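Everything below concerns the one structure shown next.
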There are 2 protein chains.
Amino acid sequence: MRAYERVVEQIEEAIESGALSPGERLPSERELMVQLAVGRSTVREALRVLQARGLVRSRPGDPHGAEVLPFSPAALHKSMTTLARVEQLSLGELVQFRMVLDSAAILLAARLRTEEQLAEMNKAVEAMRAAAGTEPGAADTEAFGRADVAFHDAVVAASGNKLIQICTDVVRQIVLRQISARIDAADDRQALMRRSIQHHEEVIEAIRAGDGPLAARLSRRAMYDYYAPYVKESETSALRALLE
Amino acid sequence: MRAYERVVEQIEEAIESGALSPGERLPSERELMVQLAVGRSTVREALRVLQARGLVRSRPGDPHGAEVLPFSPAALHKSMTTLARVEQLSLGELVQFRMVLDSAAILLAARLRTEEQLAEMNKAVEAMRAAAGTEPGAADTEAFGRADVAFHDAVVAASGNKLIQICTDVVRQIVLRQISARIDAADDRQALMRRSIQHHEEVIEAIRAGDGPLAARLSRRAMYDYYAPYVKESETSALRALLE
DNA sequence: AAGAATTTGTTCGTATGTATG
DNA sequence: GCATACATACGAACAAATTCT
């Protein structure tokens with residue numbers, strides 16, 4: 001076993017077990033090199049790996065040593081993005097994945113949501129309405145996107161499943177990176193927004209009524225309508241398989 | 001921007017764009033250090049990061065330089081495992097995630113499967129039957145597990161969604177690591193196997209008939225029955241929300 | 001506000017074990 | 001079996017950055 005791997009595992013264990021908490025500091029490189037009886041380059045290679053995994057961050061000149069970071073899905077995001085590139089994941093597959101996870105979150109939310117969470121969802125849709133604007137050309141695309149994210153955050157929070165939350169979040173970002181340019185360029189942006197808002201309102205109503213299967217079906221339909229125009233013709237049938 | 005980060009990005013870009021294919025070799029460290037005009041340690045730190053991301057592998061003494069690897073979900077697996085530990089993901093959440101993705105894959109498979117893929121599923125269930133054995137105590141737990149994996153592989157292959165395939169695969173391994181000991185220790189292993197086989201047969205029949213929603217519902221029920229005993233009492237209701 | 005002290009970033013030289021041909 | 005080239009690992013040295021006095 002490599003020396004740097006031993007160092008990685010020791011520090012990783014300390015962090016994941018909770019012996020080291022976010023915000024705490026690692027010893028300096030020179031101290032680690034004494035404590036662990038390895039050379040400085042070995043310590044540095046180990047720190048690079050831990051940094052790549054999103055567990056620590058080190059800055060030049062920081063006298064307190066590397067900082068233990070709170071968990072972030074950055075590493076997950078990175079490996080999924082890599083997956084999407086090297087496996088050439090199609091937009092259709094990504095959207096399909098989102099349709100599945102998002103509708104599951106909504107199904108659960110319809111069952112488990114509190115009144116506060118429902119209010120949160122309503123607030124988000126209200127913000128979407130404000131961003132879409134009333135007069136032609138007054139739409140704030142960016143604010144609309146933020147409100148949309150807030151809505152979905154409220155939903156996955158109500159679903160109670162952090163894994164679903166993180167995965168949908170990661171995949172949403174990957175999807176948006178692929179097509180945000182085309183969405184921005186659409187000349188009927190405002191019409192798209194209005195339709196999207198209406199869809200969201202229907203979903204919320206179903207969640208309020210506690211009808212999970214209906215809410216889930218509506219959400220799949222909404223996502224299909226929104227993203228299908230950007231998906232290859234040959235893949236839309238696989239998406240429609242989720243709609244019935 | 002750090003020197004090693006530039007090196008990481010350059011090599012990463014070459015790999016993800018396809019300019020470097022799996023099996024091909026990177027220049028040796030000394031050559032990279034000349035080509036990129038950086039020191040040796042910088043090259044090494046970059047290679048460590050790329051290795052942590054599962055993109056390359058280097059061995060001491062290899063005169064051909066680091067090898068570009070085919071994509072593997074190892075990095076994804078690693079970051080999800082980290083996520084499960086530091087976010088303290090419960091078994092309930094993990095099982096719920098599998099219920100959602102697996103049943104979605106089955107729903108799609110019922111629509112899109114070919115005859116060959118259906119035959120593959122039948123073969124896997126046949127292998128499960130063989131592993132469960134006919135006489136008491138003759139069960140081969142490991143072979144049963146392998147056959148079960150083969151079944152789900154055939155299903156996700158038929159679903160046509162590689163992202164679902166990889167995510168279910170990763171989460172299954174995490175779940176099994178958490179409870180395989182308890183499953184092995186169960187004294188009614190063979191009864192569990194027989195019930196599982198029956199569930200699989202029902203799912204296959206629904207897939208054969210093209211009834212996706214039924215197949216999906218059956219698969220959720222099967223997974224619930226199999227894993228619920230290991231899930232905390234307080235979490236089973238969230239699992240049952242997926243059953244209706 | 002400015003400088004001292006310490007840390008990380010980076011380079012380089014050296015020694016050692018290992019795989020290839 | 002041997003020579004060669006390689007990765008692994010160590011440590012000294014200097015530059016750049018940050019914090020603290």
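Residue numbers start from 1 in every chain, and the chains themselves are labelled A, B, ... in the order their sequence lines are given, proteins ahead of strands. Scope of the values below: all heavy atoms of this structure, side chains included, with no hydrogens, waters or symmetry mates. Fair warning: this is a prediction, and the values are worked out from it, not measured in the lab.
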Let's see if you get this right: which residues in residues 38-50 of chain A place a heavy atom under 4.0 Å from DNA chain D? A/V38, A/G39, A/R40, A/S41, A/T42
Expected list for residues 20-34 of chain B near DNA chain D, using heavy atoms below 4.0 Å, is B/S28, B/E29, B/R30
Using nucleotides 17-21 of chain D, report all nitrogen or oxygen pairs with the protein that are shorter than 3.5 Å.
none

In whole angstrom, give the distance that lies between atom [atom1] of [X] and atom [atom2] of [N].
X     : N      : atom1 : atom2 : result
A/R57 : C/dT7  : CZ    : P     : 19 Å
B/Q51 : D/dA7  : CD    : C1'   : 11 Å
B/E67 : D/dA7  : CD    : P     : 13 Å
B/Y4  : C/dT11 : OH    : P     : 13 Å

How would you list all residue pairs meeting salt bridge (charged side-chain N to carboxylate O under 4.0 Å, His left out) that involve residues 88-101 of chain B, not counting sequence neighbours?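 Found B/R98-B/D102.
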Among pairs that include at least one residue of residues 62-71 of chain A, which meet side-chain hydrogen bond (donor to acceptor under 3.5 Å, both in side chains), considering only residues two or more places apart or in two chains?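 Qualifying pairs: A/R25-A/D62, A/R57-A/E67, A/R59-A/D62, A/D62-A/H64.
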Determine whether a donor-acceptor pair (N or O, by modelled atom type, separation under 3.5 Å) exists between the side chain of A/S196 and the backbone of A/L192.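 Pair absent, no side-chain N/O of A/S196 close to backbone of A/L192.
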Which residues pass the side chain to side chain contact (heavy atoms under 4.5 Å, CB included) test with [X], not counting sequence neighbours?
X      : value
A/V8   : A/Y4, A/E12, A/A46, A/V49, A/L50, A/R53
B/E29  : B/R40, B/V43, B/R44, B/L47
A/T114 : A/E116, A/Q117
B/A127 : B/A147

Partner residues of [X] under the salt bridge (charged side-chain N to carboxylate O under 4.0 Å, His left out) criterion, sequence neighbours left out:
X      : result
A/E126 : A/R129
B/E16  : A/R85
A/R172 : A/D169

